[in-house]
Number of protein chains: 2
Amino acid sequence: MTNGKRERSQRTRAAILQAARERFAADGFERTTIRAVAADAEIDPSMVMRYFGSKRGLFAAAADFDLALPDLSRVPSDELGAAVVDHFLTRWEGEPTDDSLRVLLASAATNAAAAAQMQEIFRAQLAPVVAAAGPHDPPTAATRAGLVATQMLGLALCRYVLRLSPVVDLDRDAVVHWLGPVIQRYLTEPSG
Amino acid sequence: MTNGKRERSQRTRAAILQAARERFAADGFERTTIRAVAADAEIDPSMVMRYFGSKRGLFAAAADFDLALPDLSRVPSDELGAAVVDHFLTRWEGEPTDDSLRVLLASAATNAAAAAQMQEIFRAQLAPVVAAAGPHDPPTAATRAGLVATQMLGLALCRYVLRLSPVVDLDRDAVVHWLGPVIQRYLTEPSG
DNA sequence: GTCTATAATTCGATAGAC
DNA sequence: GTCTATCGAATTATAGAC
């Protein structure tokens, strides 16, 4: 394959992936059609099959992402909660916006593979960072990570998916003000 | 119509509705088929159409529910958080279990009507109870209700839909212990 | 009230020309 | 690599017999 063709192939692949992320995030797995993704990417539907094999393969590629959490062991212990909340807000509302979490949120409720992927992301990415934030059993780091997930995913659900107006209307500082101490408690409070 | 026929009709309708709630809760709106609901209810698919008009009509009937929140103005102010968390746990895990919230959660991400219904339930049922819990602006009762929604819906999402194991493994007392103070703060902390 | 039969769509996936 | 054409399956919804 020539370099020109390879570059074009990579561009096509990237265009498909971007269109797929937007569709999956907006409509979920079931309602997203390969035909619609192809139309958004301005290519033929059969190309989606060629590049990703199947609708499930396309979804797996679109939903693969990295929380990119910072190393909490370097954050002052009394600022852990605010740091975590701020990080997620940046990740979800920064430029350019990454739709990957919304892809998973919109599909995890009705797609076992998506739910499993969400579980794995929090197990493999959030729990170790929580553990590294400091020794504080009980409860275990896994339990603390689960508690953090209830609040952060609940925020994402209400703010980006359900779009509950009082939650959408909170500005960034207000979100950190209200959720920061909650996450702080989940990360550091000793008893369980 | 004779009384016998009317009773039978009511039983059929109730059987359809129960089967629909289970299917919608487990699979969401898109993946749930009228055929599957009818098979579960052991009746003909066309009967579902006769009773509920359309798949959307069936969903609307299955997703209609009442949070049945208690009057918080009668709860001691320092027990508000624990009372709310305990109420939701009873509502979601009591006998018999009511799947209605899971019906909405599983569909709200990909179904605009479901998201709107969820918004309306929290606006019409949660916000007034929060307001009645006592005067405490700012922030407004709507904002406080929104914050409560982020934590309680996040719990429901992680515990019942995603089934994150650390969250599933928490017993009732642990949930109240961890979330109670969070809800307490969202309901009563003055500054905003 | 309950059923059969089917209309009318839509989708994922494949085959194969170029 | 890209496209046309189409298969086979599944769905909602309707029409009408009994």
Side-chain angles (χ1 to χ4, degrees), chain A residues 1-24 26-63 103 106-107 110-114, chain B residues 1-24 26-63 103 106-107 110-114:
Chain A
M1 187 189 287
T2 68
N3 283 343
K5 279 187 180 176
R6 190 176 303 135
E7 281 172 21
R8 183 165 165 197
S9 173
Q10 284 301 99
R11 273 206 312 277
T12 300
R13 187 187 170 86
I16 294 172
L17 216 43
Q18 181 183 348
R21 288 212 170 94
E22 291 172 4
R23 282 283 177 175
F24 281 130
D27 299 334
F29 181 82
E30 327 291 343
R31 285 185 47 194
T32 295
T33 66
I34 288 182
R35 291 166 144 86
V37 169
D40 290 352
E42 295 180 332
I43 49 94
D44 191 88
S46 66
M47 296 308 299
V48 178
M49 302 298 295
R50 180 173 180 85
Y51 279 95
F52 296 95
S54 68
K55 185 178 176 180
R56 303 186 87 89
L58 176 62
F59 179 82
V103 169
S107 300
T110 58
N111 188 282
Chain B
M1 186 190 288
T2 68
N3 283 344
K5 279 187 181 177
R6 190 176 303 137
E7 282 173 20
R8 183 163 165 198
S9 173
Q10 285 301 99
R11 274 206 310 277
T12 300
R13 187 186 170 86
I16 295 172
L17 215 44
Q18 181 183 348
R21 287 212 170 94
E22 291 172 5
R23 283 281 179 177
F24 280 131
D27 299 334
F29 182 82
E30 327 292 342
R31 285 185 48 194
T32 295
T33 66
I34 288 183
R35 292 163 139 84
V37 170
D40 290 351
E42 295 179 331
I43 48 93
D44 191 89
S46 66
M47 296 308 297
V48 178
M49 302 298 296
R50 181 175 178 84
Y51 279 95
F52 296 95
S54 69
K55 185 178 176 180
R56 303 185 89 87
L58 175 62
F59 179 83
V103 169
S107 300
T110 58
N111 189 284

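Below, read A as the first sequence line, B as the second, and so on, with proteins coming before strands; counting in each chain starts at 1.
- Computed from coordinates, the B:Lys55 NZ to D:dA10 P distance equals 15 Å when rounded to whole Å.
- The distance between atom CD of A:Glu30 and atom P of C:dG12, rounded to the nearest whole Å, is 10 Å.
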Check against side-chain contact (heavy atoms from CB on, under 4.5 Å), A:Thr110 and A:Phe29: CA-CA 8 Å; A:Thr110 58; A:Phe29 181 82; 5.5 Å; no
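- Note on A:Ser9: a side-chain N or O is less than 4.0 Å away from OP1 or OP2 of D:dG1.
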Verdict with reasoning, A:Val37 to A:Thr33, per side-chain contact (heavy atoms from CB on, under 4.5 Å): CA-CA 6 Å; A:Val37 169; A:Thr33 66; over 6 Å; no
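- Between B:Arg21 and B:Ala61, the shortest heavy-atom distance links the atoms NH2-O, 3.4 Å.
- Closest to the A:Arg50 side chain, of the nucleotides C:dT2, D:dG1, C:dA13, is D:dG1.
- Using cut-offs of 30° and 60° for the angle between ring planes, the B:Phe24 and B:Phe59 rings count as perpendicular.
- B:Thr33 comes within 4.0 angstrom of the backbone, heavy atoms only, and of no base.
- Toward the 5' end of DNA chain C, the nearer of the two residues B:Met47 and A:Gly53, judged by each one's closest nucleotide, is B:Met47.
- Among the nucleotides D:dA13, D:dT4, C:dA13, the one closest to any side-chain atom of A:Ser46 is D:dT4.
- Nucleotide C:dG1 holds its C1' atom 11 Å from the CD1 atom of B:Ile16, rounded to whole Å.
- Rounding to whole angstrom units, CG of residue B:Leu58 and P of D:dA13 are separated by 10 Å.
- Comparing atom distances between the A:Arg35 side chain and each of C:dT14, C:dC11, D:dT14 picks out C:dC11 as nearest.
- Of the candidate nucleotides D:dT14, D:dT2, C:dT2, D:dT14 has the atom lying nearest to any side-chain atom of B:Met49.
- Between the CG atom of A:Asp44 and the C1' atom of C:dG16 there is a distance of 13 Å, rounded to whole Å.
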